Amino acid sequence: MLYTLDFFCGAGGLTRGLTDAGIQVLAGIDDDEGCRLTYEKNNPPSKFVKRDIAEISAHEIEELVGEYCTSNLMFAACAPCQPFTKQRTARNRGRTRTLLGYFAKFVGIFEPDCVLVENVPGISKVRGNSTYKRFVRLLKSKNYFWDAADIDAKDFGVPQTRTRHILVARKSAPVKIPQPIRGPELSPYLTVRQTISHFPPIQAGYSHPTVPNHRASGLSELNLKRIKSTPSDGGDRRSWPDELVLRCHKENYSGHTDVYGRMWWDRPAPALTCRCHSLSNGRYGHPEQNRAISLREAAALQTFPDNYVFFGTSKESIGKQIGNAVPVKLGKAIGTQFLF
């Protein structure tokens with residue numbers, strides 16, 4: 001059995017994916033208390049540890065690891081790439097340490113057999129002596145086998161175009177980035193229709209009484225007119241009458257056609273963000289209903305199972321949990337590589 005600590009666990013997308021792969025997640029670590037209930041309700045017995053990675057100690061990590069030796073241990077991190085903390089002192093001013101840098105410290109101390117990192121695609125291309133390059137040098141100095149690549153979640157059964165950078169490393173044996181299972185000359189990509197068409201219709205601003213998180217954001221009268229004027233199945237603002245066009249989109253402006261657009265039924269969804277429940281923040285309109293996709297539909301497009309219930313004080317807080325998550329099926333595909 002492989003045991004894991006999930007750093008920056010959020011609502012638990014990677015935790016669920018690794019669990020589905022057959023890996024036991026001991027704990028998820030994150031500094032966002034708003035994720036606790038979602039994480040713990042859906043991922044028992046894994047516990048949520050609210051800690052800032054810049055402040056958590058090696059002793060605390062050792063206590064979480066407990067009896068599990070490093071030969072059966074994985075450290076996983078989906079670390080945001082922005083600088084991690086506000087600079088509080090003159091001595092710290094100008095430092096460029098990032099979340100990945102703090103994670104690297106614990107990899108260096110504990111040397112777990114397996115390491116997994118998920119991040120934005122450009123992280124490996126930053127010029128100079130970047131945190132990522134220092135992290136790779138650390139792995140080499142500790143005699144890890146490693147592999148890394150930018151991959152698209154839709155190649156692994158996620159109904160969404162979402163490119164991420166993945167790094168996998170292992171001490172005991174080589175490990176490789178998984179190979180696509182969907183795409184040209186393989187099984188077809190999963191689509192929006194296959195993923196969300198089973199959810200009952202709802203109106204903008206309403207929640208379904210029995211389907212958890214099937215809640216759609218409300219629309220102003222003007223935006224309701226706009227979505228009604230947007231053709232079904234992939235339509236966008238270019239079909240609107242002049243009186244509905246935003247001022248910034250007039251005078252033959254041709255950019256940002258995804259904004260206020262509808263998803264296509266028979267294609268993967270575009271990449272979901274924290275604002276994927278908002279019509280004005282991307283191509284997040286339902287393919288035919290006059291609203292943005294619901295939180296439940298967004299979770300499904302991130303391949304969370306329908307019984308994975310999200311808890312939060314607002315739709316914005318839940319949208320953040322969903323949009324920031326690692327798609328579950330992508331997490332499973334990567335985790336499986338460590339079991340070979």
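Not measured: the values here are computed from a predicted model.
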Practice task
Begin from the C-alpha positions of F311 and R36 and carry the test side-chain contact (heavy atoms from CB on, under 4.5 Å) through to its verdict.
Solution key: CA-CA 9 Å; F311 300 89; R36 177 186 296 277; over 6 Å; no
Practice task
Write down the atom of I109, the atom of A58, and the distance for their closest heavy-atom approach.
Solution key: CD1-CB, 4.2 Å
Practice task
Spell out, yes or no, whether L14 and V49 are grouped together once hydrophobic residues are joined by side-chain heavy atoms under 4.5 Å, including indirect joins.
Solution key: no
Handout entry: Donor-acceptor contact below 3.5 Å, side chain R283 vs main chain G234
Key = yes
Handout entry: S232 side chain reached by W265 side chain, heavy atoms, under 4.5 Å
Key = no
Fill in the blank from the handout: For residues 209-218, the side-chain hydrogen bond (donor to acceptor under 3.5 Å, both in side chains) pairs (sequence neighbours left out) are H208-T210, N213-R296, H214-S294, S217-H277
Taking distance alone, no hydrogens or angles, what donor-acceptor pairs closer than 3.5 Å link side-chain atoms of residues 18-27 to residues at least two apart or in another chain?
| unit_1 | atom_1 | unit_2 | atom_2 | d |
| --- | --- | --- | --- | --- |
| T19 | OG1 | T15 | O | 2.7 |

Exercise for the section: State plainly whether one hydrophobic cluster holds both L116 and Y144, where clusters connect Ile, Leu, Val, Met, Phe, Trp and Tyr through side-chain heavy atoms under 4.5 angstrom apart. Expected result: no
Exercise for the section: Report yes or no: do S172 and D113 form a side-chain donor-acceptor pair below 3.5 Å? Expected result: yes
Problem - T161 side chain near Y189 side chain, heavy-atom distance below 4.5 Å - result: no
Problem - Hphob cluster co-occupancy, F103 + V136, side-chain heavy atoms under 4.5 angstrom - result: yes
Handout entry: Heavy-atom closest contact (R193 atom, D266 atom, distance)
Key = NE-OD1, 2.7 Å
Exercise for the section: Examine F106 and V115 and state if one hydrophobic cluster contains both, with Ile, Leu, Val, Met, Phe, Trp and Tyr joined whenever side-chain heavy atoms are less than 4.5 Å apart. Expected result: yes
Exercise for the section: Kindly determine whether C114 and L2 satisfy side-chain contact (heavy atoms from CB on, under 4.5 Å), including the steps that lead there. Expected result: CA-CA 9 Å; C114 301; L2 186 60; 4.1 Å; yes
Exercise for the section: Verify, without hydrogens or angle tests, whether R226 (side chain) and W240 (backbone) share a donor-acceptor contact under 3.5 angstrom. Expected result: no
Exercise for the section: Would you give the length of the straight line joining atom CZ of F8 to atom CD1 of I53, rounded to the nearest 0.5 angstrom? Expected result: 3.5 Å
Practice task
With the side chain counted from C-beta on, respond yes when I202 and S207 share a heavy-atom pair under 4.5 Å apart, and no when they do not.
Solution key: no
Problem - Any donor-acceptor pair under 3.5 Å from T4 side chain to D6 backbone - result: no
Exercise for the section: Could you please spell out the steps behind the side-chain contact (heavy atoms from CB on, under 4.5 Å) verdict for L272 and R162? Expected result: CA-CA 8 Å; L272 301 189; R162 189 183 186 96; 4.1 Å; yes
Handout entry: Transitive ILVMFWY side-chain link L64 to Y102, under 4.5 Å
Key = yes
Practice task
Drop me the distance from I29's CD1 to K47's NZ, to the nearest 0.5 angstrom.
Solution key: 10.0 Å
Exercise for the section: Give the minimum heavy-atom separation between A104 and F135, together with the two atoms involved. Expected result: CB-CD1, 3.4 Å
Practice task
Using a cut-off of 6.0 Å, state whether more than 12 heavy atoms not belonging to H59 lie near its atom NE2.
Solution key: no
Practice task
Check for a donor-acceptor pair, side chain of K171 on one end and backbone N or O of K142 on the other, with a separation under 3.5 Å.
Solution key: yes
Problem - CD/Q179: more than 12 non-hydrogen atoms of other groups inside 6.0 Å - result: no
Completion exercise
On a heavy-atom basis, the closest approach of C35 and F48 is CB-CE1, 4.0 Å
Practice task
Quick one: pull up CZ in R237 and CG in D258 and give me the separation to the nearest 0.5 Å.
Solution key: 10.0 Å
Handout entry: Heavy-atom side-chain proximity of L139 to V107 below 4.5 angstrom
Key = yes
Practice task
May I ask you to test the L301-I196 pair for a side-chain heavy-atom distance under 4.5 Å?
Solution key: yes
Exercise for the section: Indicate yes or no: at least one non-hydrogen side-chain atom of I181 is less than 4.5 angstrom from one of L186. Expected result: no
Practice task
Could you grab the distance from atom CD1 of I227 to atom OG of S280, nearest 0.5 Å is fine?
Solution key: 11.0 Å
Practice task
Look up atom OG in S278 and atom CD1 in I293, then write down how far apart they are to the nearest 0.5 Å.
Solution key: 10.5 Å
Could you pull out every donor-acceptor pair under 3.5 Å between side chains of residues 329-340 and any protein atom, sequence neighbours left out?
| unit_1 | atom_1 | unit_2 | atom_2 | d |
| --- | --- | --- | --- | --- |
| T336 | OG1 | K332 | O | 2.8 |
| Q337 | NE2 | K176 | O | 2.9 |

Practice task
Could you check if a side-chain atom of F310 sits within less than 4.5 angstrom of a side-chain atom of L295, using non-hydrogen atoms only?
Solution key: no
Exercise for the section: Could you tell me whether the side chain of R262 and the main chain of Q289 form a donor-acceptor pair under 3.5 Å? Expected result: yes
Practice task
Keeping the roles fixed (side chain from R182, backbone from P159), state whether a donor-acceptor pair exists under 3.5 Å.
Solution key: no
Handout entry: Pair Y308, T38: side-chain N/O donor-acceptor within cut-off below 3.5 Å
Key = no
Problem - Short side-chain to backbone donor-acceptor contact, E297 and V192, under 3.5 Å - result: no
Exercise for the section: Could I get the full list of salt bridge (Lys or Arg N to Asp or Glu O under 4.0 Å) partners for R51, not counting sequence neighbours? Expected result: E60
Exercise for the section: Verify side-chain contact (heavy atoms from CB on, under 4.5 Å) between N223 and Y260, making sure each step is shown before the conclusion. Expected result: CA-CA 9 Å; N223 280 341; Y260 293 93; 3.3 Å; yes
Exercise for the section: Would you confirm whether D233, through its side chain, and W264, through its main-chain N or O, come within 3.5 Å as a donor-acceptor pair? Expected result: no
Completion exercise
By ring-ring contact (aromatic ring centres under 6.0 Å, His included), F75 pairs with (sequence neighbours left out) F7, F110
Practice task
Answer yes when R164 and E118 have at least one side-chain N-carboxylate O distance shorter than 4.0 Å, and no when they do not.
Solution key: yes
Problem - Minimum heavy-atom distance between H165 and V120, given as atom pair plus value - result: CB-O, 3.4 Å
Practice task
Ignoring hydrogens and angles, tell me if any N or O in the side chain of T303 forms a donor-acceptor pair with the backbone of V328 under 3.5 Å.
Solution key: yes
Exercise for the section: Would you indicate whether the side-chain heavy atoms of D30 and Y39 approach each other to under 4.5 Å? Expected result: no
Practice task
Would you check if the side chain of D147 reaches a backbone N or O of I177 as a donor-acceptor pair within less than 3.5 Å?
Solution key: yes
Handout entry: Nearest non-hydrogen partners of C276 and Y284, listed with the distance
Key = O-CB, 3.2 Å
Fill in the blank from the handout: Taken in chain and number order and not counting sequence neighbours, the residues that satisfy side-chain contact (heavy atoms from CB on, under 4.5 Å) with K225 are E221, L244
Practice task
Could you tell me the separation between the OG atom of S229 and the CG atom of L224, rounded to the nearest 0.5 Å?
Solution key: 9.5 Å
